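Right, one structure below, let's go through it.
This one's a predicted model, so the numbers in the text were calculated from it and none came from an experiment. Computed over heavy atoms, backbone and side chain alike; hydrogens, waters and symmetry mates excluded.
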Amino acid sequence: MTTTITPPAVTPPTASPPTVTPGPSGTRTVPLPAGPEAAPRARRATAAFLHRTGSALAPDRRADVLLIVSELVTNAVRHAPGPSALTLTITAGALDIAVTDCSCVAPAARTPDLTDGTGGMGLHIAEDLGARVFTEPLPDGKCVHAALTTPT
């Protein structure tokens, strides 16, 4: 189930060239291109971020995080025109995976299509792996978050 919240100020994605930008206090934002290269780039940046921050996640939990990142970024590429951005924020006991795109349409969980490959599994996968998924509306799009608890 997704929940919509009132947004704080968040910068929507830009069309600038994709780069990995470390931020303060365990935050990294990665501008992503539209297209199939977005998900692999997001997974690589996430793996590097988890390594850089010294995250205490077990290897199987890191794999869960990479799967959630893939699903959220793939949704953005599939359902929103233009570039998107991945922001990872780690604090004591929490990891926030946030994907911002330029579509104002909030995602909705739907019945997965297991016959013709049209999807419908991404939000279910994130929630089944323990993420609290919610959408933050933005003036020029939205930000979909998957919040996870982490070992402290």
Side-chain angles (χ1 to χ4, degrees), residues 1-13 23 25-51 53-138 140-152:
M1 171 160 77
T2 57
T3 306
T4 302
I5 62 167
T6 303
V10 175
T11 304
S25 336
T27 299
R28 175 172 281 177
T29 298
V30 184
L32 299 169
E37 64 277 5
R41 182 172 296 171
R43 284 191 304 271
R44 285 190 302 273
T46 301
F49 173 78
L50 294 173
H51 178 75
T53 59
S55 168
L57 292 174
D60 61 333
R61 196 62 174 147
R62 286 178 185 244
D64 292 347
V65 168
L66 294 177
L67 179 55
I68 292 168
V69 165
S70 285
E71 292 296 333
L72 294 184
V73 170
T74 298
N75 284 351
V77 168
R78 183 178 254 186
H79 300 290
S84 57
L86 167 69
T87 300
L88 302 163
T89 304
I90 195 162
T91 59
L95 172 65
D96 183 60
I97 302 163
V99 177
T100 304
D101 65 46
C102 56
S103 169
C104 293
V105 178
R110 59 187 173 96
T111 302
D113 183 341
L114 304 177
T115 57
D116 70 5
T118 59
M121 293 179 263
L123 297 178
H124 295 290
I125 288 171
E127 290 174 345
D128 287 349
L129 292 173
R132 184 175 67 86
V133 179
F134 60 97
T135 302
E136 174 184 354
L138 302 172
D140 295 323
K142 67 180 172 300
C143 184
V144 179
H145 293 263
L148 295 161
T149 58
T150 61
T152 53

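Across every non-hydrogen atom of Ala38 and Leu32, the tightest pair is O-CD2, 3.7 Å. Between Gly26 and Thr53, the closest heavy-atom pair is CA-CG2, 4.4 Å. Scanning both residues, Ile125 and Glu71, for their nearest heavy atoms gives CD1-OE2, 3.7 Å. When every heavy atom of Pro107 is checked against every heavy atom of Val144, the shortest pair comes out as CG-CG2, 3.7 Å. Scanning both residues, Asp140 and Cys104, for their nearest heavy atoms gives C-SG, 4.2 Å. Across every non-hydrogen atom of Ala106 and Lys142, the tightest pair is CA-CD, 4.0 Å.
Going from atom NE2 of His79 over to atom OG1 of Thr74 covers 9.5 Å, rounded to the nearest 0.5 Å. Atom CG of Asp96 sits about 8.5 Å away from atom CG of Leu88, to the nearest 0.5 Å. Note: Leu129 CG to Ile68 CD1 = 5.0 Å, rounded to the nearest 0.5 Å. Rounded to the nearest 0.5 angstrom, Thr149 OG1 and Arg61 CZ are separated by 6.5 Å. Rounding to the nearest 0.5 Å places CG of Leu72 at 10.5 Å from OG of Ser84. Atom CG of residue Asn75 and atom CG of residue Asp101 lie 9.0 Å apart, to the nearest 0.5 angstrom.
Two residues are said to be in side-chain contact when any heavy atoms from C-beta on lie closer than 4.5 Å; Asp64 and Asp60 fail this criterion.
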- Leu95 vs Phe49, side-chain contact (heavy atoms from CB on, under 4.5 Å): CA-CA, chis, key distance, verdict: CA-CA 11 Å; Leu95 172 65; Phe49 173 78; 4.1 Å; yes
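No donor-acceptor pair closer than 3.5 Å links the side chain of Arg132 to the backbone N or O of Ala147. Counting only distance, with no hydrogens or angles, the side chain of Arg62 and the backbone of Ser55 share a donor-acceptor pair below 3.5 Å.
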